[in-house]
> 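Structure incoming, see below.
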Amino acid sequence: MALSQLIGRLIGVREHVVDPGGGGAPRVPRPVRAVVVGGGIAGMSAAVVLAERGVDVTVLESAPTLGGRLGAWPEELPDGPQRNEHGFHAFFRQYYNWRSILRRVDPGLGFLKPIPGYPILSARWPTEEFGRLPPAPPANLLALLLRSPSLRLTDLRGMDRDAALPLLSYDPERTYAEFDERTADELLTSLRLPDRARAMLFEVFSHSFFNHEAEMSAAEMIAQFHFYLLGNPEGLAFDCPDEDYATAIWQPLTRHLERHGGQVRTGTAAARLDRTPGGWRVRTADGAAHDAGHVVLAVDPPALAALVAASPGLVAAAPRLVARMPAFGTPGPPYAVARYWMDGDVRPDRAVFSGVSRQATLDSVTLYHRLEAEPRRWAARTGGSVVELHAYACEPDVPAEELAERMRVELTELWPEAAGLRVRQLRARVEAQAPAFTPGSHAERPGVRTDADRLYLAGDGIRTEFPSALMERSAATGIMAANHILRAEGAAAEPVRSIRPRGLLAPR
Ligand SMILES: Cc1cc2nc3c(=O)[nH]c(=O)nc-3n(C[C@H](O)[C@H](O)[C@H](O)COP(=O)(O)OP(=O)(O)OC[C@H]3O[C@@H](n4cnc5c(N)ncnc54)[C@H](O)[C@@H]3O)c2cc1C
């Protein structure tokens with residue numbers, strides 16, 4: 001354990017138990033059937049926990065492959081098959097719940113390899129390094145303030161320190177009461193930071209949440225600073241699978257689920273939900289009906305809104321859920337992912353993953369041929385490289401190929417050698433499925449429990465009362481949905497954990 005983590009522990013910066021789990025029989029005492037709609041992280045986390053306790057669970061996934069926004073699928077390239085993915089993901093070390101699900105398939109998490117460094121690139125300023133800070137606060141914050149070339153002591157004097165206090169004082173109620181109506185942009189402006197510090201330390205961070213600062217709640221931004229930096233004992237360093245997500249995660253997790261009697265039906269979209277005397281009936285687009293005592297809806301926000309709208313029975317069964325849907329189902333801005341198979345490589349000292357600040361489109365660069373086994377083999381065979389570019393919140397109505405080309409050109413401004421690489425193949429997508437965290441949205445954000453008995457929600461847009469985000473929130477809400485079912489049926493629940501629940505300076 002690092003010294004900063006020891007100091008952090010003394011002031012409560014450590015893993016906290018949100019739900020100790022346990023409490024019932026190791027397996028449900030009588031037959032219970034559950035349907036989970038959506039086979040991403042949230043749905044599969046719920047299904048795994050349910051199946052392990054003897055619940056007869058079926059996962060319905062509309063896509064041909066599992067994983068949702070962490071999905072991977074085969075791609076036929078002219079020089080052979082390759083797997084493509086929905087996009088690079090950083091597996092942070094405070095993702096306790098997601099990691100506990102992943103331990104089902106690899107108890108030592110050996111498939112997750114540490115990524116050295118987390119540089120932030122800019123065309124205007126020197127690179128900032130996030131990955132080598134001490135892991136825990138307050139040492140990480142002090143090191144950032146002392147070491148960062150983007151922030152000098154004179155800048156700190158000019159900064160509005162009172163405005164910065166809320167960042168250190170995250171509280172799951174007060175923060176939302178005071179800051180949810182304001183925008184992240186207003187909060188950052190109120191800090192009176194020099195432009196460089198704002199760009200290199202703050203904006204790059206907020207972009208990773210798939211929302212524009214001017215349209216994102218300041219409270220959500222404070223919550224995410226707490227979750228990733230100011231309340232997190234594990235640090236900003238992260239790990240990544242060394243194989244594609246299908247090989248490393250979804251295939252073994254499916255086998256684990258099936259060994260416990262669970263089933264996965266891919267290519268099967270839920271079309272409508274109806275109440276039955278025994279629970280619920282989920283009708284699928286192919287005309288089949290799945291009856292279950294409990295249902296977990298673990299789909300992305302627009303899909304949830306569409307499914308609720310197509311289920312007229314919910315108006316009586318779950319009026320609050322129905323009322324919340326139009327706002328909740330409006331996703332954040334589109335994001336773009338472009339994977340390039342290129343001739344030649346970038347400089348050997350370029351990092352596997354880099355964040356990018358203040359380019360018009362480009363937000364991150366990943367060198368897949370230095371990360372995963374299959375692209376590594378492809379690059380060794382061809383002398384080429386496999387590069388993925390992301391834009392986390394981009395202009396609407398721009399075709400994917402155009403966004404990909406804008407990102408490629410912007411990359412050449414940061415890494416001039418990239419201009420000399422010929423593109424052999426490109427797979428580009430633009431999607432809008434990420435939850436929006438608009439100002440004022442917290443009060444009406446749905447939680448895991450709905451107002452209908454035996455109907456639960458899970459996903460990265462679903463509210464939690466403890467710090468969580470992105471993949472970790474999906475896994476945590478999936479487990480919580482399973483726990484509600486297990487407790488209702490008399491079986492032991494699964495533990496749920498998180499980081500320090502409140503900021504270092506949050507008043508008690
Ligand atoms: C480019 C990109 C990069 C990212 N990087 C990171 C990162 O570095 N770190 C991090 O923590 N997070 C990251 N994320 C976020 C992360 O991917 C999501 O938070 C997480 O995967 C969401 O999982 P989910 O299960 O909640 O939703 P989803 O993955 O959206 O799963 C929902 C599933 O429901 C299915 N579905 C929809 N409608 C129906 C229906 N009617 N019937 C049946 N199935 C249906 C969908 O096909 C999908 O499989 C990134 C996301 C993207 C897009």
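Whatever order the structure lists ligands and atoms in, that order sets their numbers, starting from 1.
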> State whether the shortest distance between N or O atoms of G43 and N or O atoms of ligand 1 falls below 3.5 angstrom.
no

> Name the closest protein heavy atom to atom 3 (C) of ligand 1, giving the residue it belongs to and the distance to 0.1 Å.
F88 O, 3.5 Å

> Could you list which atoms of ligand 1 come closer than 4.0 Å to a heavy atom of Y95?
9 (N), 10 (C), 11 (O)

> Which of the atoms of ligand 1 are close to D460, meaning less than 4.0 Å from one of its heavy atoms?
18 (C), 19 (O), 22 (C), 26 (O)

> Does the Lys NZ or Arg CZ of R454 fall within the cation-pi geometry relative to W280 - under 6.0 Å from the ring centre and within 45° of the axis?
no

> Select the closest option to atom 36 (N) of ligand 1 among P302, S62, A475, judged by heavy-atom distance.
S62

> State yes or no: are the ring centers of Y368 and Y340 separated by less than 6.0 Å?
no

> To which protein heavy atom is atom 9 (N) of ligand 1 closest, and what is the distance rounded to 0.1 Å?
A90 O, 3.3 Å

> I need the nearest protein heavy-atom contact for atom 22 (C) of ligand 1: residue, atom name and distance, please.
S474 OG, 3.3 Å

> Between H442 and F437, is the gap from one ring center to the other below 6.0 Å?
no

> Can you tell me which residue and heavy atom of the protein come closest to atom 34 (O) of ligand 1, and the distance to 0.1 Å?
G38 CA, 3.4 Å

> So if I apply the side-chain hydrogen bond (donor to acceptor under 3.5 Å, both in side chains) rule between T361 and each of E405, E410, R406, which one comes out positive?
E410

> Which residue holds the protein heavy atom closest to atom 40 (C) of ligand 1, what is that atom called, and what is the gap in Å?
A270 N, 3.7 Å

> Applying the side chain to side chain contact (heavy atoms under 4.5 Å, CB included) test to L389, which of V356, L362, V337 qualifies?
L362

> Within the 4.5 Å heavy-atom criterion, are E213 and L188 side-chain neighbours or not?
yes

> Can you tell me if G67 contacts ligand 1 (heavy atom of the residue under 4.0 Å from the ligand)?
yes

> May I ask you to check whether V337 has an N/O atom sitting below 3.5 Å from an N/O atom of ligand 1?
no

> Assess whether a salt bridge exists between E75 and R83, defined as any Lys/Arg side-chain N lying under 4.0 Å from an Asp/Glu carboxylate O.
no

> Which label fits F92 and Y228: parallel for a plane angle under 30°, tilted from 30 to 60°, or perpendicular past 60°?
perpendicular

> Which of the atoms of ligand 1 are close to A303, meaning less than 4.0 Å from one of its heavy atoms?
37 (C), 38 (N)

> Does an N or O from A469, backbone or side chain, lie closer than 3.5 Å to an N or O of ligand 1?
no

> With heavy atoms under 4.0 Å as the rule, classify the contact between V37 and ligand 1 as side chain, backbone, both or neither.
side chain

> Quick one: does A42 get an N or O within less than 3.5 Å of an N or O on ligand 1?
yes

> What I want to find out is whether D239 reaches R99 closely enough, with some N-O distance under 4.0 Å, to be called a salt bridge.
yes

> Please determine whether any non-hydrogen atom of T268 lies less than 4.0 Å from an atom of ligand 1.
yes

> Under 3.5 Å, is there a donor-acceptor pair between the side chain of R500 and the main chain of R502?
yes

> Nearest non-hydrogen contact with atom 17 (O) of ligand 1 belongs to which option: R473, H89, E472?
H89

> Verify the ring-centre separation between F210 and Y392: is it less than 6.0 angstrom?
yes

> Distance to 0.1 Å, residue and atom name: give those for the protein heavy atom nearest to atom 31 (O) of ligand 1.
G40 CA, 3.7 Å

> Tell me: protein heavy atom nearest atom 46 (C) of ligand 1, and distance?
E61 OE2, 3.5 Å

> Just to check, does F238 reach to within less than 4.0 Å of ligand 1 when the distance is taken from its heavy atoms?
no

> Give the ring-plane orientation class for H89 versus Y245, where under 30° counts as parallel, over 60° as perpendicular and anything between as tilted.
perpendicular

> Regarding ligand 1, does Y335 bring an N or O atom to under 3.5 Å of one of the ligand's N or O atoms?
no

> Run down the list F209, F210, F91 and name the one with the heavy atom closest to atom 2 (C) of ligand 1.
F210

> Establish, yes or no, whether a centroid distance under 6.0 Å links the rings of F238 and Y118.
yes

> For ligand 1, which atoms, with element, lie under 4.0 Å from some heavy atom of G459?
26 (O)

> Where does the angle between the aromatic ring planes of H256 and H260 fall among parallel (under 30°), tilted (30 to 60°) and perpendicular (over 60°)?
tilted

> Would you say T266 and E61 are linked by a side-chain donor-acceptor pair, where the criterion is simply a distance under 3.5 Å?
no

> Return a yes/no value for H86: is any of its N or O atoms, backbone included, closer than 3.5 angstrom to an N or O of ligand 1?
no

> Who's the nearest protein heavy-atom neighbour of atom 32 (C) of ligand 1, and how far?
A298 O, 3.5 Å

